[in-house]
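Computed from a prediction, not measured in an experiment: that's the story for all the values here. Chain letters run A, B, ... following the sequence lines, proteins first, then strands; residues in each count from 1.
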Amino acid sequence: MKDLGFILASWLATLGSIGVLAAVTIRRARELSRHVPDDAKPWV
Amino acid sequence: MHTATTAAPGAAARTGTRTTRVIGVLALATTAFVVVSAFFLTPADSVQGDSVRIMYVHVPTAWVAYLAFITTAVASGFSLARRHRTLGFDRVAGASGEVGVLFMAMTLLTGSLWGRLTWGTFWQWDPRLTTTLFLFVTYVGYLAVRRIDTDPRQRARRSAVIALLAVLEIPLVHFSVVLWRSLHQEASVLSPDGDVRLDDLMLFTLFAGVAAFTLIFAWLVIHRQRLTALADIRQTVGLDAAIALRRSETRGVVK
Amino acid sequence: MNVALSVARKDLQIEWRTRMVLARVVPFALLVMVLFAVALDSEPLVLRAAAGLVWLATLFSTMLVVQRAFDIETADAAIDTLLACAVHPARVFFGKALALFVQLFALVVVLVTAAMVLYGVTVSGSRVVLLVTVVISATSGLALVGTLYGAVVANMNGRDSLLPLLALPVLAPLLIGASRATEAAFGSQTIDMANGWAWVGLLGVYGIVFGAAGSAAFSPLTESDS
Amino acid sequence: MTNSVASDTTIHLSNAVVALGGFPALAGVTFGVGRGELVALRGANGTGKSTLLRLCAGLVPLTRGVAVVAGVDLLVNRVAVRPHVGLLGHRNGLYGDLTAKQNVQFVAGLVGATASDVSSALERLGIDQRVASTQASLLSAGQRRRTALAALIVRRAQLWLLDEPHAGLDAAARRELDVILRDATASGATVLYTTHEIDQVVGTPRTITLDGGCVASDVAATIGSAP
């Protein structure tokens with residue numbers, strides 16, 4: 001495949017950064033949830 | 001870990017719910033299909049060649065980025081207008097702004113990689129690109145403003161104003177860049193967009209990409225909006241304890 | 001409107017007593033223009049870029065003047081009294097913008113003169129009318145947007161870096177418009193007078209939009225919570 | 001606006017909580033002040049005196065509870081209270097680059113007071129020609145305080161909130177301040193000021209003591225004299 005480097009870079013950067021943001025979000029949620037009782041969470 | 005919690009035992013619920021899990025699974029499945037289709041199933045374009053495979057990621061990110069900023073603007077408007085639901089709308093606006101900035105960065109990156117392959121240059125001062133760049137910088141500033149205020153209400157008010165000002169700014173930027181470029185005599189690079197002939201599978205992959213990234217956007221915004229809610233609630237939960245502490249510590253000290 | 005005039009007069013009194021713009025910002029802007037000429041190192045190039053350089057130097061200077069304009073308000077919490085006395089915060093906004101306009105207008109006059117002396121720019125005949133109109137409309141826009149975003153970052157930590165980040169993207173259309181129109185007034189070959197006037201139209205719309213936005217947004221922005 | 005609060009009540013607080021960055025500076029304060037009252041606010045450092053004044057001036061948001069000042073519900077619109085209130089905080093709110101007189105003149109211009117109001121206010125606080133024409137940043141702490149008080153007089157607010165107004169003033173100025181505050185209440189204004197006990201305005205009829213962000217005592221008598 002021609003220009004594979006550019007194509008792969010586009011995909012990896014995009015999916016990778018989304019993955020990182022998702023992972024950070026989950027980690028943060030795990031940490032913050034410890035300090036908040038379940039009945040204070042409107043979505044539970 | 002155990003000491004810091006005022007939570008009921010088994011406070012295991014985090015920011016996920018059944019809905020977000022469904023969205024997440026759908027997003028993963030759709031994304032998997034798009035990746036496979038983009039790399040292996042779809043053919044190279046007759047004009048663009050293999051670089052069209054960047055389009056399957058570039059177009060959806062751009063779509064989501066603009067969707068995110070529209071969401072931020074609308075939520076900010078509601079946040080200012082609805083006094084009772086200010087914070088709820090503000091959290092959505094903020095989460096959407098964060099996700100939007102990430103997707104816009106990816107739009108700019110994938111776009112410039114694609115441009116290098118197609119136009120032979122990473123950057124073109126064309127109105128759409130320039131406007132996108134300014135939109136990006138503006139929302140980076142928006143996120144910086146969100147980080148400043150510790151009081152949620154002040155944060156909501158100030159950042160909503162910034163978001164609405166951005167809505168005024170972007171058309172002016174776009175219009176002025178259009179006017180600016182139209183006055184220049186230099187030959188502009190012919191945009192090959194119109195020449196692309198997409199067959200059915202290519203078109204379907206593109207739409208699947210938009211769907212996949214919209215699902216990802218929804219998942220991220222819901223979770224991140226709940227993160228902010230958790231942080232705000234934690235402040236309130238802490239406040240009860242802090243009030244009790246402040247009252248009890250000094251009781252009887254006054255003569 | 002009395003409140004707006006009082007506020008503007010007060011800001012100009014302070015400038016008159018301290019001469020901060022005169023003694024520091026004007027020399028800074030002139031220095032920027034000299035450095036541009038040195039960096040470009042080519043007389044035809046400098047002449048072509050003259051209009052853009054004038055407005056770029058003005059833009060950077062605006063950041064300094066705006067910060068100063070709000071530092072005097074927050075240094076001793078005077079803005080609390082000011083907002084308490086003013087029933088309509090929009091009038092405070094226009095007052096501060098007016099004072100900023102006067103200071104920036106003086107600065108731009110100096111810089112255009114400097115462009116004539118340093119860069120060899122000439123303005124003649126009907127071009128003078130265009131130039132004056134551009135300077136007035138662009139400076140109004142600068143003053144309005146500067147005041148608006150100055151209020152956003154007033155009393156914040158790290159405001160010196162936040163102000164340019166927020167305000168410069170918003171000021172981009174103004175920079176483009178003012179530079180093109182001034183280029184026309186400077187007699188550039190790449191842009192004619194009619195196009196110059198078209199840009200003045202954009203500057204006018206810009207000023208009206210942000211004037212209205214500023215008067216509406218100034219009140220929620222200045223409610224401090226700490 | 002609440003209808004339950006009588007119209008001659010200038011300040012009505014009920015279990016008012018003010019959290020500053022998560023810290024409850026006021027942890028549930030309840031009291032009322034009627035029109036024309038002169039009230040002293042006592043308490044050690046950090047008990048919430050200044051926050052209470054800033055709450056009444058509409059400068060900090062009410063986190064919980066009820067606060068109605070000059071007929072304005074602070075939970076609904078705390079900005080609307082500002083025109084009715086004159087606040088003299090820890091900081092004087094002066095422009096250091098202007099002269100004392102220019103500062104007072106500026107405030108006068110905002111509220112539509114006349115030139116004679118300005119000169120009589122300056123005169124009352126013993127600010128002579130030389131001091132009046134001196135740049136505020138070059139004045140002594142006491143002179144700056146007097147200038148700020150002159151500006152406060154010119155404002156003719158309905159509710160005066162003063163944070164340690166006696167601090168930095170000499171004996172003569174303190175006596176004059178006492179007269180000024182009593183005159184203000186006599187003409188219908190309400191005055192709430194914070195103080196350490198030695199600074200008590202002579203003849204203050206009511207003293208509220210704060211501790212731990214709450215009201216510890218509320219006595220209708222001058223501390224140090226017979227009730």
K.L.:
Which atom names give the shortest non-hydrogen contact between D/Leu110 and C/Val3, and what distance separates them?
P.N.:
CD2-CG1, 3.7 Å
K.L.:
Would you compute the distance between atom CG of D/Leu98 and atom CD1 of C/Ile14 and round it to the nearest 0.5 angstrom?
P.N.:
4.0 Å
K.L.:
CZ of C/Arg9: more than 12 outside heavy atoms within 6.0 angstrom?
P.N.:
no
K.L.:
First locate atom OG1 of C/Thr18, then atom CD of D/Gln135, and finally report the distance between them rounded to the nearest 0.5 Å.
P.N.:
8.5 Å
K.L.:
Is C/Val7 close to chain D through its backbone or its side chain, or both, or neither, when contacts mean heavy atoms under 4.5 Å?
P.N.:
both
K.L.:
Which bit of D/Gln102 is near chain C, if near means a heavy-atom gap under 4.5 Å: side chain, backbone, both or neither?
P.N.:
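For D/Gln102, the contact with chain C is made by the side chain alone.
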K.L.:
Of all the heavy-atom pairs spanning C/Leu82 and D/Phe106, show the shortest one and how long it is.
P.N.:
CD1-CZ, 3.7 Å
K.L.:
How far does CG of D/Leu87 sit from OG1 of C/Thr81, to the nearest 0.5 angstrom?
P.N.:
7.5 Å
K.L.:
State, with a plain yes or no, whether a side-chain heavy atom of C/Asp80 is found less than 4.5 Å away from one of D/Arg54.
P.N.:
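Yes, their side chains come closer than 4.5 Å.
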K.L.:
Given C/Gln13 and D/Asp97, is the side-chain contact (heavy atoms from CB on, under 4.5 Å) satisfied, shown in steps?
P.N.:
CA-CA 9 Å; C/Gln13 269 177 343; D/Asp97 296 316; over 6 Å; no
K.L.:
Measure across D/Arg91 and C/Thr74 and return the closest heavy-atom pair with its distance rounded to 0.1 Å.
P.N.:
NH1-O, 3.3 Å
